[in-house]
Enquirer: 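Below is the structure I would like to discuss, written out as structure tokens.
Values below: all heavy atoms of this structure, side chains included; hydrogens, waters and symmetry mates excluded. Naming: A, B, ... by sequence-line order, numbering from 1 per chain.
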2 protein chains.
Amino acid sequence: MIDATAPGRVGDVRRRNLSRVLDSIAKTGDAKPSRAQLAAGTGLTKAAVSSLVADLVESGLVAEVGLYRDGERGRPGQGLELSSRRGVIGMEINVDYLAVGVVDLGGNLRFHASVESPNRGLEPATVMERLGALAAEAKAAAAAEGIAILGGGLAVPGLVDEQRSVVLSAPNLHWENEPLNPRALLEGAPLGVRLSNEANSAALGELWYGGGPADFLYVSGEVGVGGGVIIASELYTGPGGSAGELGHIVVNPDGPSCSCGGAGCLETFAGQEAIFEAAGIPPGALEERAELLLAALRQRDPQARKAVDDAGRYLGVALASSARLMDIEAVVLGGHFAVLGEWLRPALLASLERHAPGLLDPENLTLSGLEHSGTLLGAAGQVIRSVIESPFEFLLAAKLA
Amino acid sequence: MIDATAPGRVGDVRRRNLSRVLDSIAKTGDAKPSRAQLAAGTGLTKAAVSSLVADLVESGLVAEVGLYRDGERGRPGQGLELSSRRGVIGMEINVDYLAVGVVDLGGNLRFHASVESPNRGLEPATVMERLGALAAEAKAAAAAEGIAILGGGLAVPGLVDEQRSVVLSAPNLHWENEPLNPRALLEGAPLGVRLSNEANSAALGELWYGGGPADFLYVSGEVGVGGGVIIASELYTGPGGSAGELGHIVVNPDGPSCSCGGAGCLETFAGQEAIFEAAGIPPGALEERAELLLAALRQRDPQARKAVDDAGRYLGVALASSARLMDIEAVVLGGHFAVLGEWLRPALLASLERHAPGLLDPENLTLSGLEHSGTLLGAAGQVIRSVIESPFEFLLAAKLA
DNA sequence: CCATATAGTTCAGATTGAAAACTAATTGGA
DNA sequence: TCCAATTAGTTTTCAATCTGAACTATATGG
């Protein structure tokens with residue numbers, strides 16, 4: 001396939017090289033590369049890099065951070081980094097809480113806040129209003145730290161149409177085809193607010209800020225079972241944008257019917273609700289039930305043990321099928337599954353070994369370390385990445401303003 | 001993601017535009033576009049297109065095919081097409097036959113030959129020798145038609161390492177880690193011979209020459225059950241290159257063990273052998289058994305009917321899971337499944353509706369019309385595509401020679 | 001036979017990175 | 001202390017390539 005963004009005119013070369021340099025700075029991260037190092041890394045000449053960096057510094061995306069010597073001879077280089085005075089606000093609506101965070105271009109979470117909020121069944125307008133209040137806090141915090149906010153990312157637990165900012169289906173919130181107006185959360189931010197799926201954002205957070213490998217499947221165990229597929233360091237969304245719905249892979253054709261209308265889905269065996277029920281945890285608040293389950297497991301309660309083993313076994317079936325179909329070589333467990341990680345692991349690995357022996361190295365089955373901030377980081381990171389990938393457009397806009 | 005293969009020199013613009021123009025000619029196909037139409041289609045100026053086309057014509061990749069008037073006023077354009085005097089040889093090793101074909105750059109199958117050959121268990125060297133004889137026929141036929149052979153594609157029913165030309169695993173041939181030397185089949189062809197997987201090649205054949213949509217899952221029912229995933233008009237191979245192994249998706253966690261070492265795989269329910277056995281077809285040659293099965297189905301034999309229904313049902317489970325994970329919206333059934341198509345369809349659709357209601361429109365479940373030539377076309381097409389995507393390298397080589 | 005329309009070419013102009021020469025800033029040793 | 005060596009970054013010249021506008025070529029229709 002011919003890359004539509006590839007240079008067609010001479011001017012496009014610069015577009016691409018601006019992005020390449022910016023990406024190289026982002027990848028080098030804390031090492032704060034000099035122009036000379038960037039030249040070596042990108043294959044461009046020092047002259048070209050100097051010219052490109054000049055534009056990036058002028059736009060405010062990149063900052064010089066003083067000299068930098070490594071003990072050797074020669075003139076020291078000027079360290080460069082993605083500006084810590086520009087940032088993006090990450091936001092998250094989940095079933096039982098709202099959260100916001102300020103992430104600077106370098107990927108540092110500079111501010112973080114969350115509130116409990118039983119959003120299930122609430123009107124989207126009500127939830128958006130509450131989230132707006134939280135976003136205002138984040139904006140104030142950013143202003144106090146001298147961070148100019150370029151845009152925002154909003155993650156929700158459901159399928160979304162990113163272009164039109166519509167939540168197509170979020171069964172756990174009881175939302176269906178709800179158009180949101182995320183832009184209103186950050187009035188005046190030049191890049192607007194991007195709506196995204198919670199599991200996908202968490203997968204991207206893991207990739208960019210959690211040390212995830214270039215190829216992995218992220219399994220999100222929030223109230224539902226979601227997934228995010230990362231291939232070659234990019235989110236794989238599929239032709240219609242809804243890939244990664246791991247929760248509705250069929251793991252047992254004779255299984256019970258599922259909220260999605262199907263039958264035998266993974267979620268009916270390994271969703272939070274299914275596990276709690278099988279473990280005999282009484283209804284109640286999510287946090288409390290999770291605590292009860294962990295307590296039961298610690299006390300070697302056989303019913304809890306079996307519930308988690310079953311979930312692990314079926315998760316193994318889903319991962320075996322996924323690995324076969326998509327050639328997945330690594331898996332990161334997040335959310336609920338990260339909390340249950342060590343209890344899930346034995347049954348999961350046994351099941352994988354039974355259904356796809358040798359396909360997935362147990363070492364490559366890891367638990368997410370980012371906990372809940374992964375989703376925020378990923379939601380904000382998508383906007384940051386869009387700047388890194390198309391800085392030219394951003395420069396133009398900056399020049400006009 | 002930033003394309004690492006495209007350092008940003010000014011000269012790369014031309015590289016890209018050569019490819020873009022060539023691709024545009026290939027896509028327009030039989031319409032034989034003029035330079036002016038290409039300019040309109042690519043967004044380049046007429047001047048640029050003229051210059052690019054001049055290089056392509058000089059290299060022999062593109063040919064002018066006389067004037068062309070559409071009744072309107074004005075000077076008529078020069079029709080352009082991919083040269084019919086340049087071609088690629090497609091080759092196929094399957095369990096019970098060998099096949100070759102000459103495909104010109106325009107995708108026309110100009111010569112075709114196949115021989116029965118019980119390759120299961122034969123030494124690769126023996127098989128390659130037989131294939132070499134067939135390839136020689138193809139070369140002679142190409143020479144007779146004045147087609148210069150640029151390279152070849154060889155498809156085998158197993159996992160391959162394309163870079164090193166090694167068949168990693170072809171259980172149905174009983175080959176394991178067999179290095180081949182496909183280059184030797186076409187001594188002197190400038191682009192060499194590319195080894196590929198049979199199901200993937202068939203999927204690409206369907207995409208390029210069978211009118212397949214931009215996004216679909218090709219299901220190959222040869223002796224094993226294979227698959228090829230096409231996303232955005234490209235083959236999705238996954239990080240390790242072995243994506244699409246539909247045959248080893250788990251469709252029933254309590255199912256029997258499989259030749260792959262796993263258990264409950266689709267292949268154990270819907271592989272040819274499994275269907276024949278369940279239908280009570282006695283052992284024998286593949287072709288004969290297939291005929292017997294079809295005859296039994298036509299006579300409404302209940303055992304045959306049930307065997308095919310079961311296969312369809314489990315195929316539906318696998319497709320439901322695949323659609324969920326990869327957001328697949330269309331499926332093309334090939335090989336054995338295309339032959340059984342109408343008998344499979346009812347149970348398959350019912351199963352899809354049960355496990356993933358509404359996810360896949362029945363209209364988007366189609367049967368391949370290319371039959372066995374799809375694999376040849378796809379195998380050859382991969383080499384043709386590589387020229388379309390990197391004509392600059394080809395031009396350089398042509399200029400040196 | 002000429003106005004009109006479309007195809008394709010020619011040429012000046014602008015953008016851009018490569019290459020090489022240059023300036024700047026540092027270290028280590030004479 | 002000072003200079004050679006070394007590395008960073010800038011300036012200058014040059015070649016590649018596309019755009020845009022003017023131009024030539026070739027058809028149709030009245």
Enquirer: Under 4.0 angstrom, heavy atoms only, what part of the nucleic acid is A:A36 near: base, sugar-phosphate, or nothing?
Expert: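 Sugar-phosphate contact only.
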Enquirer: If you measure from CG on B:L207 to CG on B:L377, what distance do you get to the nearest 0.5 Å?
Expert: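 Interatomic distance, B:L207 CG to B:L377 CG, rounded to 0.5 Å: 12.0 Å.
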Enquirer: On DNA chain D, does the nearest nucleotide to B:G74 precede the nearest nucleotide to B:S51 from the 5' side, or the other way round? Give the residue.
Expert: B:S51
Enquirer: If only atom types and distance count, is the side chain of A:Q37 paired as donor or acceptor with the main-chain N or O of A:S34 below 3.5 Å?
Expert: yes
Enquirer: Looking at A:S34, does any N or O in its side chain come under 4.0 Å of the phosphate oxygens OP1/OP2 on D:dG9?
Expert: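 For D:dG9, OP1/OP2 do have a side-chain N/O of A:S34 under 4.0 Å.
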Enquirer: Give one of base, sugar-phosphate or nothing for B:A47, where a contact means two heavy atoms less than 4.0 Å apart.
Expert: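 Result for B:A47 = base.
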Enquirer: Whole Å only: how far is the CZ atom of B:R35 from the C1' atom of D:dA25?
Expert: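 My rounded result for the distance is 13 Å.
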Enquirer: Pick base, sugar-phosphate or nothing for A:S50, based on heavy-atom distances below 4.0 Å to the nucleic acid.
Expert: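 Base, at least one base heavy atom under 4.0 Å.
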Enquirer: Which atom names give the shortest non-hydrogen contact between A:P391 and A:L56, and what distance separates them?
Expert: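 Here A:P391 and A:L56 meet closest at CB-CD2, 4.2 Å.
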Enquirer: Find the bend of the helix from C:dC1-D:dG30 to C:dA30-D:dT1 as the angle between its two terminal axes (five pairs each), to the nearest 10°.
Expert: 10°
Enquirer: Which atom pairs, donor and acceptor, lie under 3.5 Å between side-chain atoms of residues 75-86 of chain A and protein residues at least two apart or in another chain?
Expert:
residue	atom	partner	partner atom	Å
A:E81	OE1	A:K32	NZ	2.6
A:S83	OG	A:R85	N	2.9
A:R86	NH1	A:S59	O	3.3
A:R86	NH1	A:G60	O	3.4

Enquirer: Nearest whole Å is fine: how far is D:dT7 P from A:Q78 CD?
Expert: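 In whole Å, D:dT7 P lies 18 Å from A:Q78 CD.
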Enquirer: In whole Å, what is the span from the CG atom of B:L38 to the P atom of C:dT6?
Expert: 18 Å
Enquirer: On a heavy-atom basis, which atom in A:V88 and which in A:G153 lie closest, and how many Å separate them?
Expert: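 Heavy-atom minimum between the residues: CG1-N, 4.3 Å.
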Enquirer: Between B:R16 and A:D12, is there a salt bridge with N-O shorter than 4.0 Å?
Expert: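 Between B:R16 and A:D12 there is no salt bridge, as every charged N stays at least 4.0 Å from the carboxylate O atoms.
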Enquirer: Let's see if you can work this out: which of C:dG8, C:dG17, C:dA25 has an atom nearest to the side-chain heavy atoms of B:R9?
Expert: C:dG17
Enquirer: Does a side-chain N or O from B:R14 land closer than 4.0 Å to OP1 or OP2 of D:dA16, or not?
Expert: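 Checking B:R14 against D:dA16: no side-chain N or O falls below 4.0 Å of OP1 or OP2.
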Enquirer: For A:K46 and C:dA18, what is the distance between atoms NZ and P respectively, to the nearest whole Å?
Expert: 13 Å
Enquirer: Quick one: is D:dT7 close enough that its OP1 or OP2 comes under 4.0 Å of any side-chain N or O from A:R73?
Expert: no
Enquirer: In whole angstrom, what separates A:R16's CZ from D:dC18's C1'?
Expert: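 After rounding, the reported distance stands at 17 Å.
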Enquirer: Please report the closest heavy-atom contact between B:T237 and A:D327, naming both atoms and the distance.
Expert: O-OD2, 3.7 Å
Enquirer: Between D:dT10 atom P and A:L44 atom CG, what is the distance in whole Å?
Expert: 15 Å
Enquirer: Give a yes or no on whether a donor-acceptor pair under 3.5 Å exists between the nucleobase atoms of D:dA8, that is its base, and the side chain of A:R75.
Expert: yes
Enquirer: Is the phosphate of C:dG17, meaning OP1 or OP2, less than 4.0 Å from a side-chain N or O of A:N17?
Expert: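 Checking C:dG17 against A:N17, a side-chain N or O does come within under 4.0 Å of OP1 or OP2.
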Enquirer: Would you kindly give the CZ-to-P distance between A:R15 and C:dG17, to the nearest whole Å?
Expert: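 About 13 Å, once rounded to whole Å.
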Enquirer: How close do B:G228 and B:N200 get, counting heavy atoms only, and between which atoms?
Expert: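 Looking at all heavy atoms of both residues, the closest pair is CA-OD1, 3.6 Å.
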Enquirer: Using whole Å, report how far CG of B:D55 lies from P of D:dA16.
Expert: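 Atom CG in B:D55 sits about 13 Å away from atom P in D:dA16.
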